[in-house]
Amino acid sequence: MKAAELDLVLDRYEPVIGLEVHAQLKTASKIFCGCATTYGAPPNTQVCPVCLGYPGVLPVLNAGAVELAITAALALGCVVHETSLFARKHYFYPDLPKGYQISQFDRPLATGGSLAIVLDDDTEKSIGITRVHLEEDAGKSTHTGSGTLVDFNRCGTPLIEIVSEPDLRSPREAYLYLRCLKQVLEYLEVSDCNMEEGSLRCDANVSLRPVGRSEFGTKTEVKNVNSFRYVEDALMFEIERQAGLLEAGEQVVHETRLWDSGRGEARPMRSKEESHDYRYFPEPDLESLAVDAAMSEGIRSRLPEMPRVRAARLVSEHGLPAYDAEVLTATRALADYYEAAVELFNEPKEVSNWVMGEVLRLANERGQSVRLEPTPQPIAPTDLARLLENKQEGRISGSAAKEVLAIMVDEGGGDPLAIIEDRGLEQISDATALETEIEAVIEAHPDEVEAYRGGKAGLLGFFVGQVMKRTKGQANPELVNKILREKLG
Ligand code: ADP
Ligand code: ZN
Ligand code: MG
């Protein structure tokens, strides 16, 4: 379907979208046994009788996983229930050795929250969160030419499933929701949300309804949408496909489809199973999950400042432009870094410029992220602050400061003044030295001098540029301006 045709379709049909997001919780061990959850270990080295589902073994719930799940649920404004239940969800798949997954079904951990997302026109939209529940992950199958390989390391990894209400109305909104949710989970340090490593996965549900109608149409579920880039593509594909059916007077079949990013299409996987197909029943080997009010309130009181609140504070307390505040609060680590640096050098806008500019650039160049912990990257805020102080006091010029910063990053810190001396990058603030340079420039450009004196005041910049060229950018620009004006009269 061409873009114009799609526009026509979207004039007639409104997409309705709800996302089911699985996030791997950041615990050291699995949800029902002590096996490690480290990513990338050799296949089948992080397994035990419990996560391999041997008969007669007993699961023991990981309290750390429960705490992280509650943290996410509270931050999403959900009610955390004092009692919730684990249930067995039965299905057959080679990477599910028990033949069932321990999940939560009719009594989930938390329900009834919302997430405020910011749309492209800067308006806010609240997306309902139906539920947040705990479950275990399955293993991982790799299909090869000669058969299927199964790695059980991931079996029993703790997950939360976050189910949204069908409140999203376009692929773009779905993308913005996912991005916002990821940011929140990262701030909470509940999940790494690393889509490449599979620690954040998304199933997208979508249906169409004629514009103006209130009932929803039949939905399909697209699984395996495991990259931000694919969310919009996969939904757009489904919208076009469903619209084609409806236009032809056909019906959308309630089914599960698998997104194939290589081909850019969602292929049918299975007709949609109903919950009774899973033969859910309460997990007999686990007690009901009790979360008392004291525990919930304790976790609530420790919730970190959320990104949008933090951005608003940087605007009101630091006087930063909204744009800066948004960039700097993109990740909690970056915001922490910026605040640590301002603490040491109290010029918020100047620090913001350097962090958003050179510091981020140098980190990107090195494939690093800007952070404080466990070791500061790409440079310690104390070193950055030292550099900015020297620049402020005129000992280092703006252009030299960039060079010095790059050297400090390479050398893991150092004294900016020593670096400047070593490399001959000192700012020339000595008037006599500058006068000599300026006189040379004036002598070399008699025509421009005449034009300037004849009224072309704009030529001042030309002369400044020439002086900078002769001094390799080291001349103190204010002083150069002042002396030039005097000499040119
Ligand atoms: P199912 O029983 O098929 O799993 P659920 O009611 O549990 O469906 O909802 C699963 C997800 O699908 C939720 O994110 C929900 O918002 C979304 N959803 C439900 N109905 C529709 C619909 N008609 N169109 C689009 N999304 C829907
Ligand atoms: Zn185990
Ligand atoms: Mg469901």
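Below, all heavy atoms of this structure are taken into account, side chains as well, without hydrogens, waters or symmetry copies. All residue numbers refer to positions in the sequence shown, counting from 1. Remember, it's 1-based here, ligands and their atoms both numbered in the order they're listed.
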Charged N to carboxylate O below 4.0 Å: is that the case for Glu189 and Arg332? yes
No-hydrogen, no-angle side-chain donor-acceptor test under 3.5 Å, Ser103 and Glu135: yes
Taking everything shown except Tyr54 itself, do over 12 heavy atoms lie less than 6.0 Å from its OH?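 Not more than 12 within 6.0 Å, no.
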When you measure from the side chain of Asn153 to the backbone N and O of Thr45, does any donor-acceptor pair fall under 3.5 Å? yes
Are the side chain of Asp95 and the backbone of Val150 linked by a donor-acceptor contact shorter than 3.5 Å?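 No, because the side chain of Asp95 does not come within donor-acceptor range (under 3.5 Å) of the backbone of Val150.
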Candidate with minimal heavy-atom separation from atom 10 (C) of ligand 1, of Glu20, Glu165, His254: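 Looking at heavy atoms only, the winner is Glu20.
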Per-atom contacts, ligand 1 versus [X] - under 4.0 Å to a heavy atom:
X      : result
Phe216 : 23 (N)
Val16  : 24 (N), 25 (C)
Leu19  : 14 (O)

So, is Val163 polar-close to ligand 1, with some N/O to N/O distance under 3.5 Å?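 By distance alone, the answer is no.
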Looking only at distance, does Gly217 have an N or O less than 3.5 Å from an N or O of ligand 1? yes
Under 2.8 Å from the Zn ion (ligand 2), can any N, O or S atom of Cys155 be found?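 Within the cut-off used here (under 2.8 Å), Cys155 places no N, O or S atom near the Zn ion (ligand 2).
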If you round to the nearest 0.5 Å, how far is CD of Gln101 from CG of Asp137? 7.5 Å
Within rounding of 10°, what is the angle whose vertex is the Zn ion (ligand 2) and whose arms end at SG of Cys33 and SG of Cys48?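 Roughly 110°, rounded to 10°.
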